[in-house]
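Data block below; observations after.
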Amino acid sequence: MWTIFEYVFHRFVFHCDDIIPDHPYFLMLHFFTHAVHHYFPFDPLRLAMPPALFTILAVPTWCLFNLFVPTPANLALFSGIFVGFTFYDVIHFYLHHGAEKSVIPHVRRMRTYHAIHHYKEPDRGYGVTSKLWDRVFGTLIVPGSKKSKLGKAT
């Protein structure tokens, strides 16, 4: 379940550049929630989601789910989302600060994939821990394609 939330929030909440109102407050909110991370991708203070933002996103999501899912099941669902989000934040930090040295090939591939998202194709490659939903929704980055080439530095 986590991977679909990761994809949806990354694509439709964090990369909402085209739909946010052209107003200083909305632009500032968007900048400090995710755009700043794209401007400074190796700043360790800009990699994890601030707890206040997590709460701002979690409360309406909880309320929406509570309309359709009984509270005990919603508690289990949100427990999974919280654990998934925690692992996501740790993995995301590692992709930016150490994955190039990983002995796990999948981790190194996801680091390259995420770097391409940052530097070449911010409108593709929304999966950070998995490419599954990028495949399903047609936003998969194909490494080696002309647009995706980053050179040997990644």
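Positions are given from 1 along the sequence. For the numbers below, each heavy atom of this structure counts, side chains included, while hydrogens, waters and symmetry mates do not.
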Exercise for review: On the 0 to 90° scale, with breaks at 30° and 60°, tag the H114-H118 ring pair as parallel, tilted or perpendicular.
Suggested key: perpendicular
Exercise for review: Using ring-ring contact (aromatic ring centres under 6.0 Å, His included) as the criterion, list what pairs up with Y25, not counting sequence neighbours.
Suggested key: H23
Check your understanding: Does F14 have any ring-ring contact (aromatic ring centres under 6.0 Å, His included) partners at least two apart in sequence or in another chain, and if so, which?
Key -> H34
**Study point:** Residue pair R111, H96: steps toward the side-chain contact (heavy atoms from CB on, under 4.5 Å) verdict
**Key:** CA-CA 7 Å; R111 181 185 195 281; H96 281 268; over 6 Å; no
Point to revise | Approximate separation, where rounding is to 0.5 Å, of E121 CD and D123 CG | key: 6.5 Å
Point to revise | H117 ring center near H10 ring center (under 6.0 Å) | key: yes
Check your understanding: Do F5 and F65 make the cut of ring centroids closer than 6.0 angstrom?
Key -> yes
Set of residues satisfying side-chain contact (heavy atoms from CB on, under 4.5 Å) with respect to [X], sequence neighbours excluded:
X: S102; answer: Y94, I104, V107, R108
X: V90; answer: none
X: V8; answer: I4, F12

Check your understanding: Would one find more than 12 heavy atoms of other residues, nucleotides or ligands at under 6.0 Å from atom CZ of F87?
Key -> no
Atom pairs and distances, donor-acceptor, side-chain atoms in residues 69-81, under 3.5 Å, two or more places apart:
unit_1: T71; atom_1: OG1; unit_2: N66; atom_2: OD1; d: 3.4
unit_1: N74; atom_1: ND2; unit_2: W62; atom_2: O; d: 3.4
unit_1: N74; atom_1: ND2; unit_2: N66; atom_2: OD1; d: 3.1
unit_1: S79; atom_1: OG; unit_2: L75; atom_2: O; d: 2.8

Review point. Of all heavy-atom pairs between F68 and L64, which one has the smallest distance, and what is that distance?
Key: CD1-O, 3.2 Å
For residues 52-59, which side-chain donor-acceptor pairs fall under 3.5 Å, sequence neighbours excluded?
unit_1: T55; atom_1: OG1; unit_2: P51; atom_2: O; d: 3.0

Practice item. Given side-chain contact (heavy atoms from CB on, under 4.5 Å), test F137 with R11 step by step and report yes or no. Key: CA-CA 11 Å; F137 295 114; R11 181 175 181 181; 4.0 Å; yes
Practice item. Report the C-alpha distance between K131 and L140 in whole Å, list the side-chain angles of each, state the deciding distance to 0.1 Å, and finish with yes or no for side-chain contact (heavy atoms from CB on, under 4.5 Å). Key: CA-CA 7 Å; K131 298 177 188 177; L140 184 69; 3.9 Å; yes
Point to revise | Criterion side-chain contact (heavy atoms from CB on, under 4.5 Å) on F82 and T86, from CA distance to verdict | key: CA-CA 6 Å; F82 183 79; T86 302; 4.0 Å; yes
Check your understanding: What side-chain hydrogen bond (donor to acceptor under 3.5 Å, both in side chains) pairs are there with at least one residue in residues 133-143, not counting sequence neighbours?
Key -> T3-W133, Y7-T139, Y113-D134, D134-T139
Check your understanding: Between the side chain of R124 and the main-chain N/O of I141, is any donor-acceptor distance below 3.5 Å?
Key -> no
Check your understanding: Taking the hydrophobic residues Ile, Leu, Val, Met, Phe, Trp and Tyr, and joining any pair whose side-chain heavy atoms are under 4.5 Å apart, which ones share a cluster with L27?
Key -> I20
